**Q** 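Here it is, the structure in full.
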Amino acid sequence: MALRLAVTRTLTSRRSFGPANLSLRQPLQQIVYRYSTHDSRLSPDGKVAAPPMVYIAGEEMTHYACDLVVDRWIKPFFDTSSWEYYDLSCKARDESDDKVLHDAVEAGARIGAIFKEPTITPSVVQVEEMGLSKAFGSPNGAMRKGWNGITISRDTIHIEGIELGYKKPVFFERHAVGGEYGAGWDQVGGGTLLTTYLPEGGAPIIVDKRELTDENNVVVVYHNPYDNVKPLAHLFFKRCLEANITPYVVTKKTVFKWQEGFWATMKEIFDEDYKEDFLKAGLLDRCGGDLTHLISDAATMQLIRWTDGGFGMAAHNYDGDMLTDQIAQVHRSPGFITSNLVGKADDGRLIKEFEASHGTVSDLWHAHLAGEDTSLNPLGLVEAMIGAMQHAAALQVEGNPDDEDKAIVNAKVLNFTETLRKAMHNTFRYGQGTRDMSGPEGFTTEQFIDKVEWRLKRYLAAQLADEAPPPTLGEPSRESEDVDYKAIEALFTKYDLDGDGKIDLDEFSNALIKMGYAPKKEIKSQEDKERWSK
């Protein structure tokens, strides 16, 4: 039996799991659980009914990896029969004439929690290679419109003890609608181009008139809906305040005068509802005591310079797309940032769709089909799965506030997902990661799945073995002003080799030996001394 010291760490999360239909003007809240740790424990002997969720399947390597994650990590503990599955592979979209996309959007609006695998938007060449009837567009536009998209939140993912790019979190809010992505266009010759707005019940208004003198022109028309900038601002500033990071707003309004309204709205919301709190928290010290506007050109440079992190940015759709790609590269790769579309249902519930920020990883898929070893890092995919499961559980509690069974399921989902994250992060920390993290000797895709599965089941089994926490003794505090408690926590983490929040006899012995405090054997004779010195 391993000796267990009464030394544990309390792990906390900055993530908010408040009711899904919170007014965006209300402060962020967290669900307060009325149940003991025992209620959140899981066992493969009795599966938990997973809260309803929409699961959108994609294709290629990420689809293969997600199948492994669900089958090996999730289904042993959860009955997922309440999940609604929609196949958005190119073949399925072609066979249904894209009805499957419309069905998925409808289900997402109805349920409110969505996980999406990376999908393919086929090129002209891929249309021919796959034998498709046409080139289907990206599903993202239909989803953002169908779910009343407000923002796409993209945040850096961090693993304790591993240095990636940014030392502290970086948040980004990308306006989810409008801009170039919804543009209408045509290729025309010379002549007069007239852009006219026809208000309901009013006289036509000429927005723009210009003479086209070239024989070959491309004409592009798009607009930016600004009704949802206020809710975007509330979401952004609340998230930044909760995470103790400094907010910035990015536009190119010096040249694109029409972007002034975005900045003006963000500034108005900030001054009215958030400035005082940010000042009290000292989060505006780095930017002169006020919300700072950054020209997009300057933002690209600061993203490279501000590697300490601890900041957030909000921008229009296209700028947000480009800048978050840059953040991903500074922070190692797109696999190390999240992507979360936030919309709002007609009844006020928040609709959240979670996906990885990368594509289907075609090169690894072709290698897999050729029978070669692959090493796909599923971190971004799993973070998206965790986010979707947690939001599904929060929605279920919000819709059934007096149902204790739903609250217990919620607690189990949170415990499982946080334990899964811990198992995955510790696997990286112990040098057992995929090859992008651990070099050429790193694990293959399947080996990494195996190792995290082993560690996850071990952690969950350890929770079941702890019948009850030890009593807390009323010992007086021994805190001292000259003690570096952060350094103590760092030492604890260093010698907590299996990352279970406890130190057993082997770990304790290892710590004492390395620190030079291990008791020495008593040497009784000169002969013994000579033998030990050799």
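Since this is a predicted model, take the numbers as computed values, not measurements.
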**Q** Roughly how far apart are T427 OG1 and Q447 CD, rounded to 0.5 Å?
**A** 12.5 Å
**Q** Just by distance, no angles: are the side chains of E60 and T360 close enough, under 3.5 Å, to form a donor-acceptor pair?
**A** yes
**Q** Is a donor on one side and an acceptor on the other found under 3.5 Å between the side chain of T156 and the backbone of V170?
**A** yes
**Q** Quick one: which residue pairs count as a side chain to side chain donor-acceptor pair (under 3.5 Å) with a foot in residues 99-111, not counting sequence neighbours?
**A** E84-R110, K99-D103, E106-R110
**Q** With a 4.5 Å limit on heavy-atom distance, are the side chains of V413 and T417 in contact?
**A** yes
**Q** What are the two closest heavy atoms between I111 and P52, and how far apart are they?
**A** CG2-O, 3.7 Å
**Q** Is it true that a side-chain atom of R332 and a backbone atom of D436 form a donor plus acceptor pair closer than 3.5 Å?
**A** yes
**Q** Who passes salt bridge (charged side-chain N to carboxylate O under 4.0 Å, His left out) against D67, sequence neighbours left out?
**A** none
**Q** Taking D297's backbone N and O only, do any of them form a donor-acceptor pair with T300's side chain (distance below 3.5 Å, no angle check)?
**A** yes
**Q** List for me each residue that meets side chain to side chain donor-acceptor pair (under 3.5 Å) alongside T445, sequence neighbours excluded, and say none if there are none.
**A** T374
**Q** Among residues two or more places apart or on two chains, list those pairs meeting ring pair (Phe, Tyr, Trp, His ring centres under 6.0 Å) that have a residue in residues 361-381.
**A** Y64-H368, W365-H368
**Q** Kindly write out the residues that satisfy side-chain contact (heavy atoms from CB on, under 4.5 Å) with A345, not counting sequence neighbours, or none if the list is empty.
**A** D347, R349, I351
**Q** For a 4.5 angstrom cut-off between non-hydrogen side-chain atoms, does D214 reach L212?
**A** no
**Q** Can you sort out the partners of W83 under ring-ring contact (aromatic ring centres under 6.0 Å, His included), two or more places apart, ordered by chain and number?
**A** none
**Q** To check you understand the geometry: which heavy-atom pair defines the closest contact between P76 and D71, and what is its length?
**A** CD-O, 3.4 Å
**Q** Mind jotting down which residue pairs meet the salt bridge (charged side-chain N to carboxylate O under 4.0 Å, His left out) criterion with at least one end in residues 171-187? Sequence neighbours excluded, please.
**A** E173-R239, R174-D321
**Q** Could you pull out all residues at least two apart from K253 that satisfy side chain to side chain donor-acceptor pair (under 3.5 Å)?
**A** E260
**Q** Verify the neighbour count for atom CH2 of W454: are there more than 12 heavy atoms of other residues, nucleotides or ligands below 6.0 Å?
**A** yes
**Q** What I want to find out is whether R41 reaches D39 closely enough, with some N-O distance under 4.0 Å, to be called a salt bridge.
**A** no
**Q** Rounded to the nearest 0.5 Å, what separates atom OG1 in T324 from atom CZ in F171?
**A** 14.5 Å
**Q** What I'd like to find out is whether the side chain of I269 reaches to under 4.5 Å of the side chain of K230, using heavy atoms alone.
**A** yes
**Q** Would K116 count as a cation-pi partner of F354, with NZ or CZ less than 6.0 Å from the six-membered ring centre and within 45° of the ring normal?
**A** no
**Q** Hey, could you give me each pair passing salt bridge (charged side-chain N to carboxylate O under 4.0 Å, His left out) that has a residue in residues 126-146? Not counting sequence neighbours.
**A** D97-K134
**Q** So Q432 and M437, do their side chains get closer than 4.5 Å, heavy atoms only?
**A** no
**Q** Answer yes when R93 and D87 have at least one side-chain N-carboxylate O distance shorter than 4.0 Å, and no when they do not.
**A** no
**Q** According to side chain to side chain donor-acceptor pair (under 3.5 Å), who are the partners of T62, at least two apart in sequence or on a separate chain?
**A** none
**Q** Could you check whether any side-chain N or O of T119 sits under 3.5 Å from a backbone N or O of L88, counting only pairs where one atom can act as donor and the other as acceptor?
**A** no
**Q** Side chains of P247 and F237: closer than 4.5 Å at any heavy-atom pair?
**A** yes
**Q** Would you give the length of the straight line joining atom CG of L303 to atom CG of L294, rounded to the nearest 0.5 angstrom?
**A** 9.0 Å
**Q** Run the side chain to side chain donor-acceptor pair (under 3.5 Å) test on N415 and Q463 for me, step by step, so that the C-alpha distance in whole Å, both residues' side-chain angles and the decisive distance to 0.1 Å come before the verdict.
**A** CA-CA 10 Å; N415 178 42; Q463 293 175 6; 2.8 Å; yes
**Q** Could you tell me whether the side chains of Y181 and N140 share a donor-acceptor contact shorter than 3.5 Å?
**A** no
**Q** Between T121 and G137 (side chain of the first, backbone of the second, donor and acceptor by atom type, cut-off under 3.5 Å), is there such a pair?
**A** no
**Q** Kindly indicate whether the side chain of V452, heavy atoms from C-beta on, has any atom under 4.5 Å from the side chain of L420.
**A** yes
**Q** What pairs with F416 under ring-ring contact (aromatic ring centres under 6.0 Å, His included), at least two apart in sequence or on another chain?
**A** F77, F78
**Q** For side-chain contact (heavy atoms from CB on, under 4.5 Å), just list the numbers for W73 and L456, CA-CA rounded to whole Å, side-chain angles, deciding distance to a tenth of an Å, and then say yes or no.
**A** CA-CA 8 Å; W73 297 355; L456 171 65; 4.1 Å; yes
**Q** As a quick check of understanding, evaluate ring-ring contact (aromatic ring centres under 6.0 Å, His included) for F428 and F448, giving each step before the final call.
**A** CA-CA 9 Å; F428 284 117; F448 184 76; 4.9 Å; yes
**Q** Report yes if the side chains of L194 and I206 come closer than 4.5 Å at any heavy-atom pair, otherwise no.
**A** yes
**Q** Give a yes or no on whether the backbone of R154 and the side-chain of S339 come within a donor-acceptor separation of less than 3.5 Å.
**A** no
**Q** Tell me whether the rings of W258 and H316 are parallel (<30°), tilted (30 to 60°) or perpendicular (>60°).
**A** perpendicular
**Q** With a 6.0 Å cut-off (strictly less than), is the heavy-atom count around CG of D208, excluding the residue itself, greater than 12?
**A** yes
**Q** What pair of heavy atoms forms the shortest contact from N410 to A393, and how long is it?
**A** OD1-CB, 3.0 Å
**Q** For residues H175 and D319, is any side-chain donor paired with an opposing acceptor at under 3.5 Å?
**A** no
**Q** Side chain of D403, backbone of K406: donor and acceptor closer than 3.5 Å?
**A** yes
**Q** Mind checking the CG-NZ spacing from L132 to K91? Nearest 0.5 Å is all I need.
**A** 10.5 Å
**Q** Any chance the side chains of S133 and D94 put a donor and an acceptor closer than 3.5 Å?
**A** yes
**Q** Do the charged groups of D79 and K47 touch, with an N to O distance under 4.0 Å?
**A** no
**Q** Going from NZ on K75 to OG on S81, what distance comes out if it is rounded to the nearest 0.5 angstrom?
**A** 10.0 Å
**Q** Between SG of C90 and CD of E59, what distance do you get to the nearest 0.5 Å?
**A** 4.5 Å
**Q** List the steps, then state whether side chain to side chain donor-acceptor pair (under 3.5 Å) holds for Q187 with N216.
**A** CA-CA 7 Å; Q187 188 168 353; N216 187 6; 2.8 Å; yes
**Q** Enumerate the ring pair (Phe, Tyr, Trp, His ring centres under 6.0 Å) contacts for residues 132-159, please, sequence neighbours excluded, ordered by first and then second residue.
**A** H158-H331
**Q** Are F336 and P334 packed together at the side-chain level, in the sense that at least one heavy-atom pair is separated by less than 4.5 angstrom?
**A** no
**Q** Between N317 and G178, is there a donor-acceptor pair closer than 3.5 Å when you use the side chain of the first and the backbone of the second?
**A** yes
